[in-house]
Structure formats: structure tokens, C-alpha cells
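Note sheet for the following structure.
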There are 2 protein chains.
Amino acid sequence: MNLKLCAVFLMPLLAAAHGSKPPLTLETQGSFFIGGDKKTITQPGFGPIPTQQGDITINQMYVQYQIPKKAGRHLPVVMIHGCCLSGKTWETTPDGREGWSEYFLRKGRAVYLVDQVARARSGFDPTALNEVRLGAAPPSQMPVVVAATHQVAWSVFRFGPRFGEVFPDQKFPMQALEEFYKQLVPDLNGFLPQESNPTWSRLAELGAQLNGAILMGHSQSGFFPQRAALLDSRGVKAMISIEPLCEGDLSPQHIATLAKIPTLIMFGDHLGDVVEGPTHWPDAFARCSSFLDRLRDAGGDATMLHLPALGLKGNSHMLMQDSNSEQLADLVIAWIDRRKK
Amino acid sequence: MNLKLCAVFLMPLLAAAHGSKPPLTLETQGSFFIGGDKKTITQPGFGPIPTQQGDITINQMYVQYQIPKKAGRHLPVVMIHGCCLSGKTWETTPDGREGWSEYFLRKGRAVYLVDQVARARSGFDPTALNEVRLGAAPPSQMPVVVAATHQVAWSVFRFGPRFGEVFPDQKFPMQALEEFYKQLVPDLNGFLPQESNPTWSRLAELGAQLNGAILMGHSQSGFFPQRAALLDSRGVKAMISIEPLCEGDLSPQHIATLAKIPTLIMFGDHLGDVVEGPTHWPDAFARCSSFLDRLRDAGGDATMLHLPALGLKGNSHMLMQDSNSEQLADLVIAWIDRRKK
């Protein structure tokens, strides 16, 4: 598909889709950062500035928020994007429909959209790149900057069994695929400490600052609500995981902590139907099912919404952008609201 | 200053500052991309995925927009951030006041906030990094990833004569300096073709898609409105440059094209008072003054607002975040509105 033609084609669609909704009244909106550490680095020279030592701030997490009028009755929802994506995930869909961030807002929820630490507006620590540039470290020590190629995305996001072939009941707006590819940004999580991604503690801190929030992760960040709660569960009032990978090596103590917090996991369709490229979804689903079993065994409130089991067919990995995204948001919101009774 | 304490301190400030404004009613909001090119790359292996060739999309520009009720009378305003910053520049100030994006919205203007190509949610082309990682290019060929250190920022943003020393009449909210440092993200513009930064054509395309817009750049992007107009002036209805560097080597033909579009340049205080670090502002001011002279000689409508000359003292390079930011926004808006008569 010609990209330029595609953009020209999409703009009217976009206007039309958004124009059909009533105006949106916000109590307030804004953006801020959570966390941030000072670090002294050696910076290669550029322009008139010679190679020099200096301080930078790293590991801060960017948060953009909107609070609708009369949000008081509902807990705020923090939305966290997945691999190779940014906070854009939850905004306008590739085909120009309203995203979950705005939809939740219309349902009276305050929405906090984050860019993971080391991604997008949160910035990243360039030290590993500087050191290679300056000859202080060999290129082989440079962490891999992961860009999801179109081919890998096709498999991981489950557009079809193999690249170029689409599942007949596909709910992802494939006509706007080129727009979706633009959402993919290089992922520098490999630059972060692997034993404890700073995004986890930032999310816990955000929840605590909000005096309680619902954390909702997706894919790579699908288990971040749990990771945040294990560091500090005070502000984590519910954990929603959209197609998470789930971790299998949790101790009974971990499970006891997590079982105190209502947990929802949602999976789409065709988990085992991808035959080319990374095909880790059946394993992830099995791990997540076991995780929920362990929570329930420990007295937890744990729900799996496997969409095909509910009769909803053809959903991709990008549930929040699929053609039935609002129906799926309603399922999530209904689950949240049932927890209040 | 302790960063954690700072965050805890700022949250109530933030809520208080935003809480004092009336609710904001939007006709619509959303986000999309302009442009994007397909590129085949060799991606180093990561996790279960081996080293492989694949396609990625590069050079797309992320745009976030909000349209207030009854914006029809006014031209939309496109805001473009500077070096080592992102679209965050125009949002909530470091000390929690409303940013220019929201302020312009309250004044009835549709606002389009972009992340420059190769920055933040626009992503970047990782090819140059991949090639070094794979041994296909020497480290010395890797473009410099520019992180503005606190020390360089102090000089360039004119917080004081030398690092740690503040101008007595400083209007930047220095009590929130640590929050400001979190806005600084690595700048990968060195990865882009230097003869024509793709952001320029994206801005021209955005202006054309909007059937006319006011382009407003800052610092590194201060001259981007002009660069966009020189590529395609159809959609560029006014050019506002907040502390631009200005380019000196424009042909008479360039000047003739630009002289047809109303031009405003705004500069703050202490341009020549920084004695340590990069001190390029007096030269930039001189270049910009000559540029405006050339526009006027060609019959153009060209205005310099040098704030100290208007009796406004102590403004930093971050005019849109200074304590008198709303007063400065009013000056810009008044200039825009006078152009309609």
C-alpha cells in the first residue's frame, strides 16, 4: 500500500469517526513525570560542544492524564503499552476510531497514559551507546535496540497464520495496517536493569500518589501491574492484563500478596493459529491460566476472559484497536464495576 | 534536590494549579501520524528471534490534537518542540501550571502537538545502531546521540551566567528544575538526513491537510516553519519562532517566498549574559534580526518581540514554561489576531 495515499485516505475517515461523538468535558488534564535518577555520563562531542562529562536524569516515567467531570465515583485507570509501542496504543485507533483512553474517559474514569521508562517521551539512558561511540566498550556489549519489523509484528500481533495472509475473521482494522506500523518505535528495554525494570516501581508510586488506581498493562507490560504490586501494593486496587506473557516462577508469598488484589486477564483469538515467526501465545495462555488458578487457590478474585470462549471470534493481540474495541472495553468496565458490589 | 521528595512535593502543587481552572470542553481530540517510509533493515537477534531481515516504518511524525468547541473562527496552531525535548514542552509546566497547548485551547484554538521525526512517540530509525552492533559499521560512524546534560541545559536555556548560579530576575520556575530535567530526552536528529530533515516536509503536509495552520517552532525547530514553507507553503498561514537559531544563507527567492507569510520571532532576556558553556544566543538574535529585515525589505509582515525591549525582564529560553508564560502566550495570540484585520 502506498503510504502517502493511505494518509490522504485516512484523514477524512479520522475526522468522520471522531466527529460523530458528543463533545468531551474535562475537569482537568496535564502531564508530569514519576521518578528520575541523576547520573553522570561522558557525552561525545557534538557541534560546538566538545566531549564532556555531565549529569543527566534517567529512568523517569512520563504520564499524561485526563480527568472527566464527575470522575469521583470511579478509580482512575493507568494504561501501560507493550513492546515496541508507546502510550499512543490507547489513543485513536489506526483506522481513526476513538481509543480506549478516550472511551474510558467518556465512561467517567480518570485515565493516566504512561510511556514506559526508556520509551518515547520518557527518554532513555544513552550511556551504552555513548560508550561504544567513544570506544570505551565493544559494539558487542551494546544492548540490542529492538524494532518490531512488519514481519515479526504480523506474527506477534496475530494478523494471520503467516506474513501477508490474514485470518478470515480478523477483527484488526487491516485496511489501516500501514498506520499501525507507524506506532511501532524502537524498544530499549534491553538497556534497563533486567532484574527490576524501573517502570514497575514508577507504576507502584503512581498508584500510591493517586491514593489507589487500576493498573492495566498490555503484552510486554501485561504483568507490570503484578510486578508493581509486588514492590508496593498500597496503590494497586485492581490488575488488568491484556494478553500478558505471565511469569511462572512466583513464590507462595508472591501469590499471597497478589491474591489480595482483583485480577483480570483478557486474551483474543487464534492463539495457536500462527505458524510462522514467534508463536509464544499458547504457552503464555497456559502460564496465565495456571497463575489465575494459583490466585484462586489462595482465595483471590481472579478472572480469565478468553474471548473465543465467550463467542467473540477473530480478535488480534491489539484488542484495544480491533473493530469491536468498544465492546471489549465494556467487558473490562463491567468487570471493574462488579468489583464494587 | 532529592528527586523523590521533589515528586511528592510537586503532586499537590500540580493538582492545585490545574484545579483552579474551569472545565475544558473539547469538540474532539485524538492522535495520528503524518508520513512514514518503508525501509528494509537487518535486525540483530533478540530473545527467541534470530538475526533477520525485515521491514520497518521510519520518518513518521506523531501528532496529538485537541479541538475546542467553536474553534472555527481561528486557525489551528501546530506546536513543535526543540532539541532534546518532546511534545511535553507545551504541556503542564515543571511547576504544575497549565502549558501553552492547553492555554491556546482555552483561547479557542485547535492545537496540534507534534513529536519531531526521530523523537519520542515518532520513533527513530535504528539502522545506524544495528549496523554497529552487528559489526557492519565502525563505532566511529555511529551518529552521536545527544543528551543535553544539566550543565549544558543551564547555559543553553539561560538559567544563569554559569552552572549553579541563577540570574536574580530569573522567570523560569527554578524550584521545579529537577522536574524540567526529566523532560530532556536523547536527541537523534543526527541520524536524519541533514540536507532535509523529514520533519520539515511532514509539517508542510500537516498544514496542507488542515487547510492552513499556524506553525510555531522553538529553538532547534524555531526555523522549521520556514523550512516547511520553503518546501510547500500552501498550508503555512503564519510562522511563529520562539527563540530560533535562524539560518543566514537564504537566497532572494527563499526570502520572496517567506515574505508572503506573516512572521513572528520572540526572544527572552539575558541573551548575552551566559559566560560558561554554549553562548550562541547573541549570534542567533543578530541572524534573526537580519532575517526579519530582509523579509520587510521584500514587503513582508515580520515582527520581532524581544521581551526586554518591551520591559519584560528575566525570561529564559523556555518562554512557554516561565512564570509569566500566560502573559507571553497572550502576546503571541494578540499578534495572531491582529493579522486577521
Side-chain angles (χ1 to χ4, degrees), chain A residues 3 7 11 14 18-19 21 23-38 43-44 46 48-49 54-57 60 62 69 86-88 91-92 102 120-121 123-124 126 129-130 132-133 135 139 142 144-147 149-152 179 181-182 184-186 190 209 278, chain B residues 3 7 10-11 14 18-19 23-38 43-44 46 48-49 54-57 60 62 69 86-88 91-92 102 120-121 123-124 126 129-130 132-133 135 139 142 144-147 149-152 179 181-182 184-186 190 209 278:
Chain A
L3 287 177
M11 284 301 289
L14 207 145
H18 273 106
K21 297 261 186 172
L24 191 60
T25 301
L26 305 174
E27 187 61 41
T28 177
Q29 67 174 4
S31 63
F32 58 93
F33 293 89
I34 297 279
D37 309 311
K38 192 163 115 171
Q43 173 92 341
F46 59 97
I49 301 168
D55 303 318
I56 60 170
T57 300
Q60 65 274 34
Y62 171 76
K69 281 197 81 169
S86 72
K88 163 66 185 163
E91 298 178 333
T92 313
E102 201 169 324
R121 291 180 178 170
F124 64 90
L129 303 177
N130 289 344
V132 169
R133 182 67 169 71
M142 192 168 94
V144 172
V145 177
V146 176
T149 60
H150 299 177
Q151 289 77 3
V152 165
E179 277 302 299
Y181 285 152
K182 299 178 189 183
L184 296 168
V185 302
Q209 285 194 13
Chain B
L3 287 177
L10 279 169
M11 285 299 290
L14 208 145
H18 273 107
L24 191 60
T25 301
L26 305 174
E27 187 61 41
T28 178
Q29 68 174 4
S31 62
F32 59 93
F33 293 89
I34 297 280
D37 308 312
K38 193 162 114 170
Q43 173 91 343
F46 59 98
I49 301 169
D55 303 318
I56 59 170
T57 300
Q60 66 275 36
Y62 171 75
K69 281 196 78 168
S86 72
K88 163 66 184 163
E91 298 179 332
T92 312
E102 201 169 323
R121 292 179 177 170
F124 64 90
L129 303 177
N130 289 344
V132 170
R133 182 68 170 71
M142 191 168 96
V144 172
V145 177
V146 176
T149 60
H150 299 177
Q151 288 78 3
V152 165
E179 277 301 300
Y181 286 153
K182 299 178 189 182
L184 296 168
V185 302
Q209 285 194 13

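Letters A, B, ... are given to chains in the order of the sequence lines, protein chains preceding strands, and every chain is numbered from 1.
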Margin query: Determine whether A:Tyr181 and B:Asp55 satisfy the following criterion, side chain to side chain contact (heavy atoms under 4.5 Å, CB included), listing intermediate values before the conclusion.
Written below: CA-CA 10 Å; A:Tyr181 285 152; B:Asp55 303 318; over 6 Å; no
Ranking A:Ala120, A:Gly123, A:Pro126 by heavy-atom pairs under 4.5 Å to chain B gives rank one to A:Ala120
Most heavy-atom pairs under 4.5 Å with chain B, out of A:Val132, A:Val146, A:Val185, A:Val144, belong to A:Val146
Shortest non-hydrogen pair, B:Pro23 vs A:Thr25, comes out as CB-CG2, 3.9 Å
Okay, B:Lys88 and chain A: the region with an atom under 4.5 Å from a heavy atom over there is both
By salt bridge (charged side-chain N to carboxylate O under 4.0 Å, His left out), B:Arg121 pairs with (sequence neighbours left out) A:Glu91, A:Asp115
Bottom line for B:Leu184: the part with an atom under 4.5 Å from chain A's heavy atoms is backbone
Honestly, the part of B:Pro278 sitting under 4.5 Å from a heavy atom of chain A is side chain
With A:Thr57 as partner, the option from B:His150, B:Glu179, B:Lys182 fulfilling side chain to side chain donor-acceptor pair (under 3.5 Å) is B:His150
Interatomic distance, CD@A:Glu102 vs CG@B:Leu26, rounded to 0.5 Å, equals 8.0 Å
Note: vs chain A, highest number of non-hydrogen pairs under 4.5 angstrom among B:Gly190, B:Gly135, B:Gly87 is B:Gly87
Between the CD atom in A:Gln151 and the CD atom in B:Gln43, the distance rounded to the nearest 0.5 Å is 10.5 Å
Chain A shares the most heavy-atom pairs under 4.5 Å, among B:Leu24, B:Ile56, B:Val152, with B:Leu24
